[in-house]
Asks: 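Have a look at the structure that comes next, please.
The model shown is predicted, which means the values in this text are computed figures rather than measured ones.
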Amino acid sequence: MEQIPDNIKHYLENIVKDTLKSTFNVETEVIFEETPKPDFGDYSSNFLFRLKKELSEPIQTVGDIITLEVMKKLQHIASEVSTQTGFLNIKLANKTLHNILRKINSEPQEYGKVNIGNNEYINLEFVSANPTGPLNVVSARAASVGDSLKRIMNNAGYKVESEFYSNNAGKQVENLVKSVKWWINKLKGIEEPFPQEGYKGEYLKDIAERALNENIKEEELPEFITETILNEQLETLKQFNVEYDHVIKETFIRKSKYPGLVLRILKEEKFLFFEDGATFFRTTDFGDTESRVIIRRDGTGTYFFYDLAYHLYKLQRGYDKLINILGPDHHGYIKRMEAGLTALGYPNRLKIIIVQQVSLLKNGEKIKMSKRAGQFYTLKQLLEEVGKDAARFFFLMRTTDAHLDFDIDLAKKIGKENPVYYVQYMHARSHSLLKHGEENNIVPKDNNLRLLSLPEERLLMRKLMYFPDTVEKATIRMEPHEIPRYLLQLADIFHNYYQKNRIVNPDKPELSAARLFLVLAVKNVTKRALDIIGVEAPEQM
RNA sequence: GCGCCCGUAGCUCAACAGGAUAGAGCAGUGGAUUUCUAAUCCACUGGUUGGGGGUUCGAGUCCCUCCGGGCGCGCCA
């Protein structure tokens, strides 16, 4: 097989960049993108517009010279180079596309790997709920995004470890315990008023029953309750195809040396002051809008205080970067936490991603939810109702910072309206075609790929070529939604191709073998893409 | 009042660093099936990108302003 560059896009960029330097002595970044229309070629760049002011000659003159130079250097992989419109457009030779198919099928697992992580050691924290109840759908979205991001970044050469932080201490837990005690008493026949800030919800009754049956002592109750709920949360996440490298509990942090360490550093650096009997951390020195309490008047530490300790603990474990995926109610928290870590001597080490809220739609109406009132739709219910693949896919279809409407009825549908099936069906159909070929003694072969001469075939090959670019973009933007979008576009082209053309035709074995080679590449890339977002690639549907 | 997110087709959303004629899906209408799984495909209809101003070769994208929707603003977590 002829050598093709490891990454076509970057190869083109470097060629043009070097040409600009050697011919015009101009240093600039050149970026190639997928063309908006196939007519324009396969890759295009707008650098001529950008350089307009810097260049002494008219851009068309520059364009002509660049065209000639680039054409010379690319004659082994490109068929057309043009700057007619002001954009530099490059159309790749068909044999280049063929070589990409060969590359995909010879090492499917390697295709789409990018190298921008440089082995950077990352801690990725997501979901991190209080152990006060079942996980809700915002947690589900965070889980989907977080777990996919882990896979995406590991694919890109980062070393990512995922972490779940359980806030199993503090006032909310006290309220939780009070609520369970109320149930225990009720089961014993003792009627009391329900605790003021207690948690409603039937799941606490089950826990109360178990506590009674297992004779849990009063002082063991907090741990018993929080452990029970935490384990249920983790079990549900596991069913969602999400497993963690680390689970850290707030009780552990509270007992560790880190709270003391935080206090000492802040004190030494004179970032603390006292007011109304409480200890404040002057986060305003670091861009926060107001200073924050870390030790309350009653001497107890705030959530923020222990969270600082927790983050210090994470950093001292050796991570280069921390990424937190948080729900929409935490955006006010970003400044505070960044300020805190800067004060502790770790500036610019934390990246917070806010996942926006989710509205669930059923029968065209929004489901109302309130955790305190015990009315909510849980991740567990969602899994039972729509399945993990549909759930994961749906959560990833939008950018993380946009509100998401999750249509439960749509996710349950079987058919083209449901994007998950549309994409999975592409994989199943490829598999079935290959099997059908085998039954007719036709296997994928790469010795006659020039027979792939249809426009649809070129479109398909082109799209497969863009897969590494898509993965790279998803990594850089930290936006998993690029992957589902890519899959949907690929599925469109593939189903269209299938519909119009017979793939396996015993009368034309050569053509069939070439087409099956293309189908195999589609199958391999689909599998890779689905793996990256943690969705199953079924061979039969 | 302050802060964050959003406003694009009837609905749900794209548009990658500001680029080429603003694209998909759903819904609607009309068509394709002796199949390699129709869980599919094709065509048509649908837009003053919330309003106004600015920046420039070029603005859905950047800046200003107004309007509308959501969320947050605790010595809760």
Asks: Give one of base, sugar-phosphate or nothing for A:His403, where a contact means two heavy atoms less than 4.0 Å apart.
Replies: base
Asks: So what does A:Gln540 hit on the nucleic acid, given a heavy-atom distance under 4.0 Å: a base, only sugar-phosphate, or nothing?
Replies: base
Asks: What nucleic acid atoms does A:Lys435 come within less than 4.0 Å of, heavy atoms only: base, sugar-phosphate, or nothing?
Replies: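 The residue A:Lys435 makes no contact with any strand.
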Asks: Looking at A:Arg296, does any N or O in its side chain come under 4.0 Å of the phosphate oxygens OP1/OP2 on B:A77?
Replies: yes
Asks: Using a heavy-atom cut-off of under 4.0 Å over every strand shown, decide if A:Glu539 touches base, sugar-phosphate, or nothing.
Replies: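 The residue A:Glu539 makes base contact.
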Asks: How many Å lie between CG on A:Asn440 and P on B:C36, as a whole number?
Replies: 10 Å
Asks: Tell me what A:Glu275 touches on the nucleic acid: a base, only sugar-phosphate, or nothing, going by heavy atoms under 4.0 Å.
Replies: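 Contact class for A:Glu275: base.
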Asks: Of A:Lys463, A:Lys91, A:Arg458, which is the lone residue that meets salt bridge (Lys or Arg N to Asp or Glu O under 4.0 Å) with A:Asp42?
Replies: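 It is A:Arg458; the other options fail the test.
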Asks: Rounded to the Å, how far apart are A:Ile493 CD1 and B:A24 P?
Replies: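 Those two atoms, CD1 and P, are 11 Å apart.
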Asks: Would A:Phe87 pass as stacked on B:A20, i.e. its ring centre under 5.5 Å from the base's six-membered ring centre and planes under 30° apart?
Replies: yes
Asks: Just to be sure I understand the rule, does A:Phe304 reach a base, reach only the sugar-phosphate, or reach nothing, if contact means heavy atoms closer than 4.0 Å?
Replies: nothing
Asks: Does the pair A:Lys314/A:Glu125 count as a salt bridge with the N-to-O cut at 4.0 Å?
Replies: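 So A:Lys314 pairs with A:Glu125 through a salt bridge.
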Asks: Just the rounded figure in Å: distance from P of B:G72 to CD of A:Gln357.
Replies: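 Checked: the CD to P distance equals 8 Å.
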Asks: At less than 4.0 Å, is any side-chain N or O atom of A:Arg336 found next to OP1 or OP2 of B:C73? Yes or no.
Replies: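 Answer is no, no contact under 4.0 Å.
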Asks: Under the 5.5 Å and 30° test, is A:Tyr422 stacked on the base of B:A39?
Replies: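 No.
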Asks: For a salt bridge (Lys or Arg N to Asp or Glu O under 4.0 Å) with A:Lys249, tell me which candidate from A:Glu163, A:Glu223, A:Glu227 qualifies.
Replies: A:Glu227
Asks: Return the value, rounded to whole Å, for the distance between atom CE of A:Met426 and atom P of B:C41.
Replies: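 Taking CE of A:Met426 and P of B:C41, I get 11 Å after rounding.
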Asks: May I ask you to evaluate whether A:His481 reaches the phosphate of B:A15, defined as a side-chain N or O under 4.0 Å from OP1 or OP2?
Replies: yes
Asks: Roughly, in whole Å, what's the span from CG in A:Leu404 to P in B:G7?
Replies: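 About 14 Å, once rounded to whole Å.
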Asks: How is A:Asp298 classified with respect to the nucleic acid when contacts are heavy atoms under 4.0 Å: base, sugar-phosphate, or nothing?
Replies: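 Counting heavy atoms under 4.0 Å across all strands, no contact is made by A:Asp298.
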Asks: Report yes or no: is there a donor-acceptor pair, N or O only, under 3.5 Å between the side chain of A:Lys473 and the base of B:C16?
Replies: yes
Asks: Base, sugar-phosphate alone, or nothing: which one does A:Glu34 contact when heavy atoms must sit under 4.0 Å apart?
Replies: base
Asks: Name the atoms and distances for all side-chain donor-acceptor pairs under 3.5 Å in residues 327-342 of chain A, with sequence neighbours left out.
Replies:
from     : atom 1 : to       : atom 2 : distance (Å)
A:His331 : ND1    : A:Pro328 : O      : 3.1
A:Tyr333 : OH     : A:Asp307 : OD2    : 2.8
A:Thr342 : OG1    : A:Glu338 : O      : 2.8

Asks: Using whole Å, what does the distance between atom C1' of nucleotide B:C16 and atom CD1 of A:Ile476 come to?
Replies: 10 Å
Asks: Has A:Ser432 got a side-chain N or O lying under 4.0 Å from the OP1 or OP2 atom of B:C36?
Replies: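 Answer is no, no contact under 4.0 Å.
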Asks: Please identify which of these residues, A:Phe305, A:Tyr165, A:Tyr303, meets the ring pair (Phe, Tyr, Trp, His ring centres under 6.0 Å) condition with A:Tyr310.
Replies: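 It is A:Tyr165; the other options fail the test.
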Asks: Quick check: any donor-acceptor pair below 3.5 Å linking the side-chain of A:Gln172 to the base of B:C76?
Replies: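 When only heavy-atom distances are counted, A:Gln172 does reach the base of B:C76 through a donor-acceptor pair under 3.5 Å.
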Asks: Using the P atom on both, measure B:G7 against B:U49 and round to a whole Å.
Replies: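 B:G7 and B:U49 have their P atoms separated by 14 Å.
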Asks: Can a donor-acceptor pair under 3.5 Å be found between the side-chain atoms of A:Thr132 and the base atoms of B:A77?
Replies: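 Side chain to base: no pair present.
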Asks: Is the NZ or CZ atom of A:Arg254 positioned over A:Tyr306's six-membered ring, under 6.0 angstrom from the centre and within 45° of the axis?
Replies: yes
Asks: Is any side-chain nitrogen or oxygen of A:Asn496 closer than 4.0 Å to OP1 or OP2 of B:U40?
Replies: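 No, outside the criterion.
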Asks: Give a yes or no on whether a salt bridge exists between A:Lys412 and A:Asp409, defined as a side-chain N under 4.0 angstrom from a carboxylate O.
Replies: no
Asks: Over how many whole Å does the gap from A:Lys463 atom NZ to B:C16 atom P extend?
Replies: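 It works out to 14 Å between those atoms.
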Asks: Of all the choices, B:A77, B:A39, B:C36, which nucleotide is nearest to the side chain of A:Tyr425 once you look at every atom?
Replies: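 Of B:A77, B:A39, B:C36, B:A39 is nearest to the side chain of A:Tyr425.
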Asks: Indicate, with a heavy-atom threshold strictly under 4.0 Å, whether A:Asn46 touches base, sugar-phosphate, or nothing.
Replies: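 Base: the residue A:Asn46, judged by heavy atoms under 4.0 Å, touches a nucleobase.
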Asks: Classify the nucleic acid contact of A:Ser44 as base, sugar-phosphate or nothing, counting any heavy atom under 4.0 Å across all strands shown.
Replies: base
Asks: B:C36, OP1 or OP2 - any side-chain N/O from A:Arg502 closer than 4.0 Å?
Replies: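 So the side-chain polar atoms of A:Arg502 do come within 4.0 Å of the phosphate oxygens OP1 or OP2 of B:C36, strictly under.
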Asks: Report yes if a donor N or O on one partner sits less than 3.5 Å from an acceptor N or O on the other, where the partners are the side chain of A:Asn89 and the base of B:A20; otherwise report no.
Replies: yes
Asks: Would you kindly give the CG-to-C1' distance between A:Leu360 and B:G70, to the nearest whole Å?
Replies: 16 Å
Asks: For B:G72, does the base pair up with any side-chain atom of A:His330 as donor and acceptor (N or O, under 3.5 Å, distance only)?
Replies: no
Asks: For A:Asp288, check salt bridge (charged side-chain N to carboxylate O under 4.0 Å, His left out) against everything at least two apart and list the hits.
Replies: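 So A:Asp288 forms a salt bridge (charged side-chain N to carboxylate O under 4.0 Å, His left out) with A:Arg292.
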Asks: Using the P atom as the reference point in each nucleotide, state the distance between B:C57 and B:C67 in Å, no decimals.
Replies: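 Straight-line distance between the two P atoms is 33 Å.
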